[in-house]
S.K.: 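Provided herewith is a single structure, encoded as structure tokens, for subsequent inquiry.
Source: prediction; values computed, not measured. Below, read A as the first sequence line, B as the second, and so on, with proteins coming before strands; counting in each chain starts at 1.
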Number of protein chains: 2
Amino acid sequence: MPDAADPAAMNARRKFRREGEERRRQDLIEATLDSVAEHGLQGATLRTIALRAGVTAGLIRHYFPGKEELLQEAYTALVGRMTEQAKAALVMEDASPRRRLAAFVTANLNAPIIDTRVFSLWATFIGRAGADSTLARAHREGYLGFRNEVEAVVAEVLAAERRKTDAGELRHHAIAINAIIDGLWIEGCLAGEMFSPGELAAIGIKAVEAELGLAPLEQFQEK
Amino acid sequence: MPDAADPAAMNARRKFRREGEERRRQDLIEATLDSVAEHGLQGATLRTIALRAGVTAGLIRHYFPGKEELLQEAYTALVGRMTEQAKAALVMEDASPRRRLAAFVTANLNAPIIDTRVFSLWATFIGRAGADSTLARAHREGYLGFRNEVEAVVAEVLAAERRKTDAGELRHHAIAINAIIDGLWIEGCLAGEMFSPGELAAIGIKAVEAELGLAPLEQFQEK
DNA sequence: AGGCTATTTATACACTTGCACAACAAGGCC
DNA sequence: GGCCTTGTTGTGCAAGTGTATAAATAGCCT
């Protein structure tokens with residue numbers, strides 16, 4: 001414990017540890033996302049971010065050319081994490097296409113994807129996409145990746161039902177299903193307490209199955 | 001034309017006009033929304049806003065207690081305008097419920113509701129809703145008003161089809177349809193050039209009708 | 001152990017920000 | 001026309017911003 005009356009202790013330089021480059025960059029990006037989620041882009045100052053990362057502000061310039069590049073990398077990391085999580089629900093190799101689609105919808109409408117912090121981050125960054133082409137591209141890539149994934153599962157589901165569909169129809173289904181998931185995701189993030197657990201997922205599955213013209217699975221039928 | 005070499009002209013005070021209170025407040029709010037849409041919350045400084053409104057920064061304090069209150073009023077005005085426009089498509093008194101629902105979906109998936117500027121504003125503000133309870137309340141009110149409107153039309157449509165539905169089912173339909181419109185709205189705002197004119201509205205109408213289990217109207221059926 | 005180097009801290013700087021306040025003048029009122 | 005209210009301008013200020021850069025030290029190499 002430094003003695004406030006001791007001039008030498010007052011001038012003492014802060015102790016520090018040298019971390020690996022990758023680790024430091026990761027920590028700084030995480031601190032940036034936390035700052036943006038809590039106080040918005042205006043509150044995410046270099047000093048706030050550095051404080052949260054446990055370093056001093058000057059260090060940021062050692063890893064990033066400037067604040068803008070740090071924010072862009074943070075957003076890219078966020079989008080990557082979001083789409084990765086979302087698509088993770090699709091890797092059930094053994095299940096039927098319909099079950100995989102249902103699991104996909106369910107996963108996207110529950111924690112950890114329904115999350116106010118992630119939503120705040122998404123909204124804050126996407127609001128700047130119209131003005132910042134770097135952010136716009138990062139979003140576009142994540143979005144198209146997600147929609148292609150949807151389209152692939154839909155194709156499998158319809159094939160399993162022996163329904164022939166042309167490419168345009170398939171695309172429309174994917175767009176609509178993507179919209180259903182996005183819309184319910186927003187509702188869940190913004191007003192999660194208005195819905196009972198699992199309710200959003202149930203609504204989502206029903207809406208998706210209606211869109212595809214699928215009869216409800218037997219175990220989900222009532223009476 | 002002031003002479004730059006003339007000291008008296010250099011010190012000349014700027015000419016101004018006294019505007020009505022309501023007019024000035026309106027102008028300031030509009031300038032605020034423009035600033036936020038263009039440069040985000042960080043770029044919306046008092047000086048930028050004042051410049052856009054054609055006044056000097058000091059005047060803002062004469063109409064608003066501080067910057068935060070100005071932003072809150074601006075967001076309230078935005079939400080009000082959005083829901084008002086969205087609901088305006090429902091006032092076709094004479095049309096059938098189904099036609100009114102279709103017109104509602106169409107109106108919400110075309111200009112001026114599909115608009116990158118409005119979307120940027122919405123995203124920027126909503127990203128702060130998690131931290132600012134005033135913004136959160138403004139959003140909640142607009143959202144619930146919108147969803148109630150949807151629920152009312154859905155009830156009319158189902159009644160016209162002589163289908164009995166309980167309250168819970170009705171609520172689920174409204175939530176799903178709301179999500180479909182929101183999701184497609186976002187897609188249209190963020191990547192409007194990926195869709196041909198009217199395509200989003202067509203997708204939306206089909207998805208909504210599928211959700212409600214309605215057979216396509218005759219003139220929309222193919223072959 | 002001792003030196004080297006890259007990581008990290010600390011300080012400085014020019015600039016912007018929101019806010020406070022005094023000076024000013026526009027326009028209604030008599 | 002002259003005055004008075006108050007809408008409006010201009011200036012000042014302390015706090016905070018991103019960036020630049022010098023000074024220090026942690027930890028590897030030999």
S.K.: Donor-acceptor pairs under 3.5 angstrom involving side-chain atoms of residues 107-118 of chain B: please list them, not counting sequence neighbours.
M.R.:
unit_1, atom_1, unit_2, atom_2, d
Asn108(B), ND2, Phe104(B), O, 2.9
Asn110(B), ND2, Thr106(B), O, 3.0
Asp115(B), OD2, Arg117(B), N, 3.1
Asp115(B), OD2, Val118(B), N, 2.9
Arg117(B), NE, Asp34(B), OD1, 3.2
Arg117(B), NH2, Asp34(B), OD1, 2.7

S.K.: Check the phosphate of dT8(C) against Tyr63(A), side-chain N and O only, distance under 4.0 Å to OP1 or OP2. Yes or no?
M.R.: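 The answer is yes; a side-chain N or O of Tyr63(A) sits under 4.0 Å from OP1 or OP2.
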
S.K.: Among the nucleotides dA10(C), dT7(C), dT9(D), which one has an atom lying closest to any side-chain atom of Thr56(A)?
M.R.: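 Nearest to the side chain of Thr56(A) among the choices is dA10(C).
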
S.K.: Name every residue in residues 25-53 of chain A that has at least one heavy atom under 4.0 Å from any atom of DNA chain D, in order of residue number, or write none if there are no such residues.
M.R.: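 Heavy-atom cutoff 4.0 Å gives Thr45(A), Leu46(A), Arg47(A).
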
S.K.: Between Phe16(A) (CZ) and dT8(C) (C1'), how many Å, whole number?
M.R.: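 Spelled out: CZ on Phe16(A) to C1' on dT8(C) is 4 Å.
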
S.K.: What pairs of residues pass the salt bridge (Lys or Arg N to Asp or Glu O under 4.0 Å) test when at least one of them lies in residues 187-202 of chain B, not counting sequence neighbours?
M.R.: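 Non-adjacent pairs meeting salt bridge (Lys or Arg N to Asp or Glu O under 4.0 Å): Arg140(A)-Glu193(B), Arg171(A)-Glu199(B).
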
S.K.: So, using side chain to side chain contact (heavy atoms under 4.5 Å, CB included) as the criterion, who are the partners of Arg17(A) when residues are at least two apart?
M.R.: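 By the side chain to side chain contact (heavy atoms under 4.5 Å, CB included) rule, Arg17(A) matches Glu19(A).
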
S.K.: Could you check how far CZ of Arg23(B) sits from P of dT8(D), rounded to whole Å?
M.R.: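 Result: 11 Å.
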
S.K.: Can you sort out the partners of Phe119(A) under ring pair (Phe, Tyr, Trp, His ring centres under 6.0 Å), two or more places apart, ordered by chain and number?
M.R.: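 Applying ring pair (Phe, Tyr, Trp, His ring centres under 6.0 Å) to Phe119(A) gives Trp122(A), Trp185(A).
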
S.K.: Would you check if the side chain of Arg61(A) reaches a backbone N or O of Pro65(A) as a donor-acceptor pair within less than 3.5 Å?
M.R.: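 Side chain of Arg61(A) to backbone of Pro65(A): a pair is present.
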
S.K.: Val79(B): what forms a side chain to side chain contact (heavy atoms under 4.5 Å, CB included) with it, not counting sequence neighbours?
M.R.: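 Expected list: Tyr75(B), Thr83(B).
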
S.K.: For residues 39-51 of chain A, please give each side-chain donor-acceptor pair under 3.5 Å, one per line with the distance, not counting sequence neighbours.
M.R.:
unit_1, atom_1, unit_2, atom_2, d
Thr45(A), OG1, Thr48(A), N, 3.1
Thr45(A), OG1, Thr48(A), OG1, 2.9

S.K.: Nearest to the Arg13(A) side chain among dA24(D), dA20(C), dT19(D), which nucleotide is it?
M.R.: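 In terms of side-chain proximity for Arg13(A), the closest of dA24(D), dA20(C), dT19(D) is dA24(D).
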
S.K.: Measure NZ/Lys67(B) against P/dG18(C) and give the value in whole Å, please.
M.R.: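 Taking NZ of Lys67(B) and P of dG18(C), I get 4 Å after rounding.
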
S.K.: Given atom NZ of Lys15(B) and atom P of dC24(C), what is their separation to the nearest angstrom?
M.R.: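 That distance rounds to 13 Å.
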
S.K.: Would a distance-only check, ignoring hydrogens and angles, find a side-chain to backbone donor-acceptor pair under 3.5 Å from Asn148(B) to Leu144(B)?
M.R.: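 Answer holds: yes.
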
S.K.: Using a heavy-atom cut-off of under 4.0 Å over every strand shown, decide if Glu19(A) touches base, sugar-phosphate, or nothing.
M.R.: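 Since only primed, P, OP1 and OP2 atoms lie under 4.0 Å of Glu19(A), the category is sugar-phosphate.
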
S.K.: In whole angstrom, what separates Arg17(A)'s CZ from dT7(C)'s P?
M.R.: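 Taking atom P of dT7(C) as the reference, CZ of Arg17(A) is at 15 Å.
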
S.K.: Can you see if the side chain of Arg24(A) gets near the phosphate of dT8(C) - specifically, an N or O under 4.0 Å from OP1 or OP2?
M.R.: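 So the side-chain polar atoms of Arg24(A) do come within 4.0 Å of the phosphate oxygens OP1 or OP2 of dT8(C), strictly under.
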
S.K.: Once you round it to whole Å, what is the distance between P of dT7(C) and CD1 of Ile60(A)?
M.R.: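 So the two atoms are 16 Å apart, to the nearest Å.
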
S.K.: How many Å lie between CD on Glu69(A) and C1' on dT19(D), as a whole number?
M.R.: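 Atom CD in Glu69(A) sits about 12 Å away from atom C1' in dT19(D).
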
S.K.: Between Glu21(A) (CD) and dT8(C) (C1'), how many Å, whole number?
M.R.: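 It is 14 Å, rounded to the nearest whole Å.
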
S.K.: Listing time: all N or O pairs from protein to nucleotides 2-6 of chain D that are below 3.5 Å?
M.R.:
unit_1, atom_1, unit_2, atom_2, d
dT6(D), O2, Arg18(B), NH2, 2.3

S.K.: What residue pairs, at least two apart or across chains, pass salt bridge (Lys or Arg N to Asp or Glu O under 4.0 Å) with a residue in residues 63-82 of chain B?
M.R.: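 Every salt bridge (Lys or Arg N to Asp or Glu O under 4.0 Å) pair that includes a residue of residues 63-82 of chain B, provided the two are not neighbours, is Arg25(B)-Glu73(B), Glu30(B)-Arg81(B).
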
